[in-house]
Novice: 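Before we start, here is the structure in question, set down as structure tokens.
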Amino acid sequence: MSGPRVRFAPSPTGYFHVGSARTSLFNWLFARRHGGTFILRIEDTDTERNREEWVEGILSAMAWLGMDPDEGPYRQSERAGRYAAALDALWEGGHLYACECTRAQVEDRTRGNQTPGYDGYCRDRGLGREGRALRFRVPDEGATVVSDLVRGEVRFPHAAMEDFVVAKSSGQPLFVLANVVDDRDMAISHVIRGEDLLPSAPKGILLWRALDAVGVSAGGAGAVAGAGAGADRAGGPPEHPLPAFAHLPMLVNERRQKLSKRRDPVAVEMYRDQGFLPEAFRNYLALLGWSPPGGAEKVDVGTLIGAFRLEEVHHAPAFFDVQKLTHLNGEYLRELPLDRFVAACRPWVAPRAGEWAPASGGPPWPPERFDDATFAAIAPMVQERVATLGEVPGMVDFLFLEDPALDEASWAKAVGGDPEAGGILQAAAAAYRTCEWSPEALHRVTGELAEAAGRRLAKAQAPIRVAVTGRSVGPPLFESLFLLGRDEVLRRIGAALRRLGHQAPEATAG
RNA sequence: GGCCCCAUCGUCUAGAGGCCAAGGACACCACCCUCUCAAGGUGGAGACACGGGUUCGAAUCCCGUUGGGGCUGCCA
């Protein structure tokens, strides 16, 4: 077993964030590129904020994007013994001290200080650890250097680092501690994560070295099952070589700020609901902070894997541009073979019980009115007009709704505001009653009645479209009329004429 | 405030000292195609933050300024 070992370590405190998805993708790409191992670790030490349903969400979103982990999910909540052992050893080795200061006390004491953060008040008070927070004793002198594959060497002077807390007064380990213990136990070779974690990297390194110094090794009863990480360590050189770091640029909103769960649309689940294809979404994510060589942007996953290099990752934050994502999704949609496009539409047009369907709700028509053959016939024309699958129902609803909603603005413009609309509708009704029922014949006779009315077909079709579909835009008209059927088309034109105040054609004719 | 990161069209980016009077993509505008809307085609507008160096030569290297961002929790 060789190759790098990387991990994606989300904490389940909400929907799956697009930034997390990008981090996960870059880890996954890196592992695949180098024949390594992609590990999923759930960082759920904060019992207050974690919920099991969010774990499910992470798992299903990752599966949707095709990033199945090779190992895991491991859960920090199941590894408490490892953290306790590390804490004990660190305490014995003198790297930790107990602290009973409250936040308010620290603030009072340090107000006006040049270097903020904890002032080391409890450092030499010799407090017992029971019931107290534990702080790591940061060296006074020197600096810790983080070797970063994307940023180079980043130097953090110890003088500017506070003695950080590694365990709560309840004994619960905190992020840096658990994170480092896990990375050691799981023999992580590359830590690839968001740039927001760069300032905590030197803390992790300090802890890592302290753990080495006090002889905490991986393996043993509490180590990771099946990871193969801690086995047979006897006599090897450094037991725990420090992992390489790679801090990825942030994903930001239009205000250039880190994407926020509150303000920004960041839930991957939401994009799935809207009808983005996983291939397209993954492709777009790969373009944020990196670009495949050769300038191509729409690239398949194999190409992504073959070309991915951490060293080429950008340094500057990237804006998550839904418009560009949408365009790319449209390209993926359009290149789908028709049968696959139709299949991809199913959750939005005819969801099956027991299968995934968008949480936003089902199609606007009653299921029994949906017809597979009709949908398959209109599908090619829908395929080149939508950029997301979620737009599909709105484009074909007039075919499956008894009485499609009438868009008042369209009506006002194309029918109410057109003095000749009534005449055109009557002419259409007359022609459609007897003509051959095919898209071609409908096209022809409508062209003829347009000519008779002295206007271009483009202008003549507008009132007919609004009368029949309720809107001024939609799939090509004559195919739509054909699929709706003669009786239904005549009924809707008749209804529109009555709305206009005209006599229904049946009455005039009869 | 302190520490750290960053800086090419509005956006995502190509660019690793001369091939750049800076290329592509999204968005935008115009035209073409056209039964609406799309899709597609053609064309257009649009950037190396600023100031110093280094060099025969800098978008590319160095320093500074400015601007933006991240972190600064007994969250992760």
Side-chain angles (χ1 to χ4, degrees), chain A residues 9-13 43-46 48-50 76 99-103 112-118 132-135 146 148 151 154-157 159-162 164-172 174-176 178-179 193-202 247 249-250 252 254-258 284 287-291 293-298 312 314-328 330-331 334 381-387 395 410 414 442-443 446-447 450 456-462 464-466 469 471-480:
Chain A
S11 92
T13 55
E43 304 220 329
D44 55 355
T45 53
D46 185 353
E48 299 287 298
R49 302 201 305 155
N50 298 152
Q76 292 190 328
C99 172
E100 60 179 6
C101 299
T102 64
R103 209 186 147 120
N113 274 19
Q114 267 302 107
T115 46
Y118 187 65
R132 297 208 172 88
L134 265 25
R135 287 184 184 273
V146 181
D148 194 290
R151 278 153 223 285
V154 185
R155 183 185 178 84
F156 294 86
M161 288 173 68
E162 64 173 346
F164 53 93
V165 177
V166 294
K168 298 193 198 186
S169 51
S170 65
Q172 278 273 311
L174 253 22
F175 161 70
V176 263
N179 193 261
R193 53 169 23 172
E195 193 198 346
D196 50 344
L197 262 12
L198 182 54
S200 80
H247 288 94
M250 293 277 91
V252 298
E254 58 291 329
R255 298 174 55 203
R256 304 251 106 209
Q257 288 164 335
K258 183 176 159 180
Y284 179 66
L287 263 25
L288 293 173
W290 179 68
S291 64
E297 297 196 319
K298 182 170 170 297
E312 294 172 346
H314 274 233
H315 299 184
F319 172 59
F320 186 84
D321 186 355
V322 179
Q323 281 195 124
K324 185 150 181 171
L325 163 65
T326 302
H327 175 85
L328 190 61
E331 288 192 305
R334 267 172 263 127
M381 286 161 277
V382 172
Q383 186 172 13
E384 61 181 9
R385 285 175 172 73
V386 296
M395 193 147 283
S410 298
L442 286 162
H443 191 165
T446 309
R456 295 180 51 220
L457 180 53
K459 282 287 284 176
Q461 58 92 40
I464 303 171
R465 179 184 294 278
V466 173
T469 72
R471 276 188 297 267
S472 54
V473 300
L477 182 62
F478 308 114
E479 282 82 357
S480 299

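By convention in this document, chain letters (A, B, ...) are assigned in the order of the sequence lines, proteins followed by strands, and residues within each chain are numbered from 1.
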Novice: Expressed in angstrom and rounded to an integer, what is the separation of A/Phe320 atom CZ from B/U13 atom P?
Specialist: 13 Å
Novice: Over all strands shown, is A/Phe319 touching base, sugar-phosphate only, or nothing at heavy-atom distances under 4.0 angstrom?
Specialist: sugar-phosphate
Novice: Between B/U42 and B/C26, how far apart are the two P atoms, rounded to whole Å?
Specialist: 12 Å
Novice: B/U60 and B/G15: how far apart are their P atoms, nearest whole angstrom?
Specialist: 15 Å
Novice: If we take the P atom in both B/A16 and B/C75, what is their distance in whole Å?
Specialist: 48 Å
Novice: Quick check for you: among B/C12, B/U13, B/A7, whose closest atom lies nearest to any side-chain atom of A/His314?
Specialist: B/U13
Novice: Could you measure between the two C1' atoms, the one in B/U13 and the one in B/C48, and give it in whole Å?
Specialist: 13 Å
Novice: Whole angstroms only, please: what is the NE2-P distance between A/His315 and B/A16?
Specialist: 15 Å
Novice: Which one is paired to B/A38, where only Watson-Crick or G-U wobble pairs with both distances under 3.5 angstrom count?
Specialist: none
Novice: Examine the side chains of A/Arg151 and A/His315 and answer whether a donor and an acceptor come within less than 3.5 Å of each other.
Specialist: no
Novice: How would you label the contact of A/Phe156 with the nucleic acid (heavy atoms, under 4.0 Å): base, sugar-phosphate, or nothing?
Specialist: sugar-phosphate
Novice: Which part of the nucleic acid does A/Arg456 contact within heavy-atom distance under 4.0 Å: base, sugar-phosphate only, or nothing?
Specialist: nothing
Novice: May I ask you to establish whether A/Arg135 and A/Phe164 are in a cation-pi arrangement, using a distance under 6.0 Å from NZ or CZ to the six-membered ring centre and at most 45° from the ring axis?
Specialist: no
Novice: Let's see if you can work this out: which of B/C5, B/U36, B/A25 has an atom nearest to the side-chain heavy atoms of A/Gln461?
Specialist: B/U36
Novice: Using whole Å, what does the distance between atom C1' of nucleotide B/C3 and atom CZ of A/Arg155 come to?
Specialist: 13 Å
Novice: Tell me what A/Arg471 touches on the nucleic acid: a base, only sugar-phosphate, or nothing, going by heavy atoms under 4.0 Å.
Specialist: nothing
Novice: Using atom C1' of each nucleotide, how far apart are B/G23 and B/A39 to the nearest Å?
Specialist: 25 Å
Novice: Should A/Ser291 be listed as having a side-chain N or O under 4.0 Å from OP1 or OP2 of B/A14?
Specialist: yes
Novice: Determine which nucleotide pairs with B/A27, using a 3.5 Å limit on both distances of a Watson-Crick or G-U wobble pair.
Specialist: none
Novice: Just checking A/Gly447: base, sugar-phosphate only, or nothing, at a heavy-atom cut-off of under 4.0 Å?
Specialist: nothing
Novice: Looking at the side chain of A/Ala458, which of B/A7, B/C26, B/C35 is the nearest nucleotide?
Specialist: B/C35
Novice: Using both distances under 3.5 Å as the test, list the Watson-Crick or G-U wobble partner of B/G64, or none.
Specialist: B/C50
Novice: Report, one pair per line, the protein and nucleotides 68-76 of chain B atoms (nitrogen or oxygen only) whose separation is under 3.5 Å.
Specialist:
residue: B/G70; atom: OP1; partner: A/Lys258; partner atom: N; Å: 3.4
residue: B/C71; atom: OP1; partner: A/Lys258; partner atom: NZ; Å: 2.5
residue: B/G73; atom: O4'; partner: A/Arg103; partner atom: NH1; Å: 3.2
residue: B/C74; atom: O2; partner: A/Ser169; partner atom: N; Å: 2.8
residue: B/C74; atom: O2; partner: A/Ser169; partner atom: OG; Å: 3.0
residue: B/C74; atom: N3; partner: A/Ser169; partner atom: OG; Å: 3.2
residue: B/C75; atom: OP2; partner: A/Lys168; partner atom: NZ; Å: 3.1
residue: B/C75; atom: O2'; partner: A/Asp46; partner atom: OD2; Å: 2.4
residue: B/C75; atom: O2'; partner: A/Arg49; partner atom: NE; Å: 3.2
residue: B/C75; atom: O2'; partner: A/Arg49; partner atom: NH2; Å: 3.1
residue: B/C75; atom: O2; partner: A/Arg49; partner atom: NH2; Å: 3.0
residue: B/A76; atom: OP1; partner: A/Thr45; partner atom: OG1; Å: 2.6
residue: B/A76; atom: OP2; partner: A/Phe175; partner atom: N; Å: 2.9
residue: B/A76; atom: O3'; partner: A/Glu43; partner atom: OE1; Å: 3.3

Novice: In this structure, how many angstroms lie between the C1' atom of B/U11 and the CG atom of A/Leu328, rounded?
Specialist: 15 Å
Novice: Is the A/Tyr284 to A/Phe320 ring centre distance short of 6.0 Å?
Specialist: yes
Novice: Starting from C1' on B/A16, measure out to CH2 on A/Trp290 and report it in whole angstrom.
Specialist: 17 Å
Novice: What is the base-pairing partner of B/C3, counting Watson-Crick and G-U wobble geometry with both distances under 3.5 Å?
Specialist: B/G70
Novice: Looking at every heavy atom in both A/Phe156 and A/Val146, which two are closest together, and how far apart are they?
Specialist: CE1-CG2, 3.7 Å
Novice: Assign each of A/Met395 and A/Ala160 to its nearest nucleotide of RNA chain B by heavy atoms, then name whichever residue's nucleotide is nearer the 5' end.
Specialist: A/Ala160
Novice: Check whether the side chain of A/Glu297 and the base of B/G24 form a donor-acceptor pair under 3.5 Å.
Specialist: yes
Novice: For A/Glu384 and B/U36, give me the distance from atom CD to atom P, rounded to whole Å.
Specialist: 13 Å
Novice: Determine the contact category for A/Ala316: base if any of its heavy atoms lies under 4.0 Å from a base atom, sugar-phosphate if only primed atoms, P, OP1 or OP2 are that close, otherwise nothing.
Specialist: sugar-phosphate
Novice: Provide the closest heavy-atom pair for A/Val165 versus A/Val176 in the form atom of the first, atom of the second, distance.
Specialist: O-CG2, 4.3 Å
Novice: Rounded to whole Å, please give me the gap between CZ in A/Arg334 and C1' in B/C37.
Specialist: 13 Å
Novice: For a quick check of understanding: with a heavy-atom distance under 4.0 Å over all strands, which category does A/Leu287 fall into, base, sugar-phosphate or nothing?
Specialist: sugar-phosphate
Novice: Phosphate oxygens OP1/OP2 of B/U34: is one of them under 4.0 Å from a side-chain N or O of A/His443?
Specialist: no
Novice: Would you measure the distance from the P atom in B/G40 across to the matching atom in B/A25 and give it in whole Å?
Specialist: 12 Å
Novice: Which part of the nucleic acid does A/Glu479 contact within heavy-atom distance under 4.0 Å: base, sugar-phosphate only, or nothing?
Specialist: base
Novice: Just by distance, do the side chain of A/Gln461 and the backbone of A/Ala458 share a donor-acceptor pair under 3.5 Å?
Specialist: yes
Novice: Both A/Leu457 and A/Leu198 contact RNA chain B. Taking the nearest nucleotide for each, which residue is further toward the 5' end?
Specialist: A/Leu198
Novice: Between A/Arg256, A/Lys258, A/Gln257, which is the residue that forms a side-chain contact (heavy atoms from CB on, under 4.5 Å) with A/Met250?
Specialist: A/Lys258
Novice: Considering only atom C1', compute the distance from B/A58 to B/U8 and round it to an integer number of Å.
Specialist: 14 Å
Novice: When the C1' atoms of B/C28 and B/G64 are considered, how many whole Å apart are they?
Specialist: 37 Å
Novice: For A/Lys298, I'd like to know if atom NZ has over 12 heavy atoms of other residues, nucleotides or ligands within 6.0 Å.
Specialist: yes
Novice: Counting only heavy atoms not in A/Arg334, do more than 12 sit closer than 6.0 Å to its CZ atom?
Specialist: yes
Novice: Check whether A/Ser200 reaches the backbone of A/Leu197 with its side chain - one donor and one acceptor, N or O, closer than 3.5 Å.
Specialist: yes
Novice: In whole Å, I'd like the distance from the CG atom of A/Asp321 to the C1' atom of B/U11.
Specialist: 5 Å
